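Data first, discussion second: the structure below is written as structure tokens.
Keep in mind that what you see is a predicted model, and the values were worked out from it rather than measured. In what follows, chains carry the letters A, B, and so on, assigned in the order in which the sequence lines appear, proteins first and then strands, with residues in each chain numbered from 1.
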Number of protein chains: 2
Amino acid sequence: MKPEGPQLLILKNVARFINLTPLEEQKYLSLLREIKVKKRAFLMQAGDVAKYEYFITKGCLKVYTLDDTGAPHISMFAVEDYWTGDMASFITNKPTRYFIKATEDSELLGISRANYQLLFQEIPKFERFYRILYQRSLISYIKRSNHGISLSAEERYITFKKKYPNIVHRVTQKDLAAYIGITPEFMSKIITKVNRR
Amino acid sequence: MKPEGPQLLILKNVARFINLTPLEEQKYLSLLREIKVKKRAFLMQAGDVAKYEYFITKGCLKVYTLDDTGAPHISMFAVEDYWTGDMASFITNKPTRYFIKATEDSELLGISRANYQLLFQEIPKFERFYRILYQRSLISYIKRSNHGISLSAEERYITFKKKYPNIVHRVTQKDLAAYIGITPEFMSKIITKVNRR
DNA sequence: AAAAAAAAATGAACTAGTTTAAGACTTTTA
DNA sequence: TAAAAGTCTTAAACTAGTTCATTTTTTTTT
């Protein structure tokens with residue numbers, strides 16, 4: 001049986017950094033599980049232990065925490081061809097503080113902790129794949145953590161818009177505010193101001 | 001010849017995630033270069049291409065950028081047993097926007113781009129080492145990028161103090177302010193306020 | 001050990017971003 | 001398709017953090 005649709009997408013993603021033989025591809029796909037979530041459904045909630053790391057093949061999800069006042073802080077929007085999950089919980093087996101909620105009907109491929117570990121034994125090349133994947137994520141999170149601290153809200157909005165032109169229109173302004181780190185009211189003001197130019 | 005001092009420290013750091021044979025240890029150490037920098041000297045300046053990734057065996061350094069107003073934003077303090085550098089520049093070979101400056105006389109071990117790549121060929125286990133190292137850094141940068149956006153300056157200071165009790169006293173208040181993302185004046189106020197309790 | 005330079009403290013006037021509240025608009029549910 | 005729930009806008013009063021200016025304290029240089 002030939003891989004298709006979602007499978008092709010994840011194999012292409014992996015092929016950015018490592019070459020797999022057809023046999024290895026089969027093996028890899030066999031370690032993944034297909035998951036579907038309806039809009040507004042949760043993939044994970046605070047208190048859960050993260051059972052999977054996810055690759056998104058369709059849709060959009062938001063990853064967020066709630067602070068002690070109950071206000072949400074979004075740490076990422078995950079769309080097609082992105083990886084997501086709570087790595088800390090996934091590798092330590094401790095409860096997560098994150099929620100992952102679909103903002104559209106979505107489809108994912110999940111790898112369980114057991115299979116993630118098995119993967120490194122069976123196809124050691126995946127150490128390299130994840131080494132490079134994490135290295136790249138690290139670069140962008142280092143940048144984001146600097147931006148969060150050093151840029152104004154307006155600058156952060158403009159940066160986001162430039163970096164993710166495809167995502168801006170797919171999420172609510174409220175969620176965008178929770179990502180940028182400001183109130184929805186101030187987000188509204190910024191957007192009015194920026195678009196006026 | 002037996003490894004000692006700085007060499008022992010880096011081998012111990014690596015041994016957290018992978019086991020090396022004595023021969024592999026020798027090979028690894030042969031790919032590293034010892035570097036010393038005096039207090040206030042630069043290891044890297046904006047415009048340079050990052051030639052090395054560094055492991056600190058002694059001292060303290062600050063990694064920072066300057067914004068368009070010339071204000072510094074510190075992205076990390078690197079002390080003994082920490083890894084640092086500008087990974088984006090190191091792997092893409094493009095000029096960095098970072099400065100790395102010693103805040104104390106410091107000693108480091110550096111690995112060049114060529115040797116970094118050679119390392120993965122000669123001792124593939126290092127893919128695993130870096131996979132785990134980057135995975136862990138990623139977890140802490142994701143947290144930091146959320147904190148930068150969602151916590152008040154006072155909360156960020158308290159969090160820093162709790163996480164790096166050994167570093168707080170080693171850096172100036174001004175540098176701490178540039179790390180937390182506030183003015184030195186406001187940092188001074190926060191410290192007075194927090195210590196008053 | 002003195003002079004110079006940098007860091008820290010303090011305060012007053014300012015600005016970016018929050019809070020609260022209310023009305024208009026859009027999407028979801030029954 | 002009407003009602004309910006959530007989202008967006010606007011505005012006034014507020015607060016966290018900045019800016020600018022001055023003095024004191026600490027560190028560095030000679």
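- Counting to the nearest Å, the P atom of C:dT26 and the CD atom of A:Gln173 are 12 Å from each other.
- For A:Lys125, the side chain to side chain donor-acceptor pair (under 3.5 Å) partners at least two apart in sequence or on another chain are A:Glu24.
- A:Lys94 pairs by the salt bridge (charged side-chain N to carboxylate O under 4.0 Å, His left out) definition with nothing, not counting sequence neighbours.
- Here the closest heavy-atom approach between residue A:Ser75 and residue A:Tyr98 is recorded as OG-CE2, 3.8 Å.
- Within the helix from C:dA1-D:dT30 to C:dA30-D:dT1, the inter-axis angle between the opening and closing five-pair segments is 60°, rounded to 10°.
- Between A:Tyr130 and B:Tyr134, a ring centre-to-centre spacing not shorter than 6.0 Å is recorded.
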Please tabulate, one pair per line, all N/O donor-acceptor pairs under 3.5 Å involving side-chain atoms of residues 47-68 of chain B, not counting sequence neighbours.
| unit_1 | atom_1 | unit_2 | atom_2 | d |
| --- | --- | --- | --- | --- |
| B:Asp48 | OD2 | B:Gln45 | N | 2.8 |
| B:Tyr52 | OH | B:Arg33 | NH1 | 2.6 |
| B:Thr57 | OG1 | B:Glu107 | O | 3.0 |
| B:Lys62 | NZ | B:Asp175 | OD1 | 3.1 |
| B:Lys62 | NZ | B:Asp175 | OD2 | 3.1 |
| B:Asp67 | OD1 | B:Thr69 | N | 2.8 |
| B:Asp67 | OD1 | B:Thr69 | OG1 | 2.7 |
| B:Asp67 | OD1 | B:Gly70 | N | 3.1 |
| B:Asp67 | OD1 | B:Ala71 | N | 3.0 |
| B:Asp67 | OD2 | B:His73 | NE2 | 2.9 |

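- Aromatic ring centres of B:Phe77 and B:Tyr82: separated by at least 6.0 Å.
- Considering all non-hydrogen atoms of both residues, B:Leu138 and A:Tyr141 come closest at CD1-CD1, 3.8 Å.
- In this structure, the side chains of A:Arg144 and B:Ile149 come closer than 4.5 Å at one or more pairs of heavy atoms.
- The shortest side-chain heavy-atom distance between B:Tyr28 and B:Leu11 falls under the 4.5 Å cut-off.
- The interatomic distance linking B:Asp175 (CG) with C:dA8 (P) rounds to 8 Å, in whole Å.
- The CG-P distance, from A:Asp105 to C:dT27, rounds to 16 Å in whole Å.
- B:Gln135 and B:Arg131 share a side-chain donor-acceptor pair at under 3.5 Å.
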Contact state string [nucleotides 12-20 of chain D, B base, S sugar-phosphate only, - no protein heavy atom under 4.0 Å]: -----BBBB
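- Going from atom CD1 of B:Ile149 over to atom P of C:dG17 covers 12 Å, rounded to whole Å.
- Distance NZ (A:Lys174) to C1' (C:dT28): 14 Å, rounded to an integer number of Å.
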I'd like a list of close polar pairs between nucleotides 22-30 of chain D and the protein, N/O only, cut-off under 3.5 Å.
| unit_1 | atom_1 | unit_2 | atom_2 | d |
| --- | --- | --- | --- | --- |
| D:dT28 | OP1 | B:Lys39 | NZ | 2.7 |

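- Residues B:Lys162 and B:Glu155 are not paired through a salt bridge, judged by the lack of any N-O separation under 4.0 Å between the basic side chain and the carboxylate.
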